Amino acid sequence: MSLLTAYNAVLLRVGLYLLVFWPTIGYYVYSDSEKRGFSSPRLRGVVLGFLGIPGLLVHLSLVRRRD
């Protein structure tokens, strides 16, 4: 049994998820945080981008609370 196909290809799915959503959401969070003047926009982009869709929802709720 291959590592990539073990457990219904969970490693492959997680890898593709991170490959697609981490850069996309991370860049959006970074640029929006920089535009709004949040502290440490790079760190926010990396951490919330790693979380993916839940990270985007966290960012949007923080933006809404601040405004």
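This one's a predicted model, so the numbers in the text were calculated from it and none came from an experiment.
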Could you tabulate the donor-acceptor pairs under 3.5 Å formed by side-chain atoms of residues 48-62, not counting sequence neighbours?
from  : atom 1 : to    : atom 2 : distance (Å)
His59 : NE2    : Asp32 : OD2    : 2.7
Ser61 : OG     : Leu57 : O      : 3.4
Ser61 : OG     : Val58 : O      : 2.8

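Criterion: ILVMFWY side-chain heavy atoms under 4.5 Å apart, direct or through other members. Under it, Leu18 and Val46 are part of a common hydrophobic cluster. Under the 4.5 Å side-chain heavy-atom criterion for grouping Ile, Leu, Val, Met, Phe, Trp and Tyr, Phe38 is not connected to Val29 through any hydrophobic cluster. Residues Val47 and Val14 are members of separate hydrophobic clusters, defined by side-chain heavy-atom contacts under 4.5 angstrom among Ile, Leu, Val, Met, Phe, Trp and Tyr.
Every pair tested for salt bridge (Lys or Arg N to Asp or Glu O under 4.0 Å) that includes a residue from residues 56-66 fails, sequence neighbours excluded, so the list is empty. The stretch residues 48-58 participates, sequence neighbours left out, in no side chain to side chain donor-acceptor pair (under 3.5 Å) pair at all. Pairs passing the side chain to side chain donor-acceptor pair (under 3.5 Å) check and including a residue from residues 15-25, sequence neighbours excluded, do not occur. Evaluation of the side chain to side chain donor-acceptor pair (under 3.5 Å) test over residues 41-53, restricted to residues two or more places apart or in two chains, returns none.
Taking OH of Tyr30 as the start and OG of Ser40 as the end, the distance is 11.5 Å to the nearest 0.5 Å.
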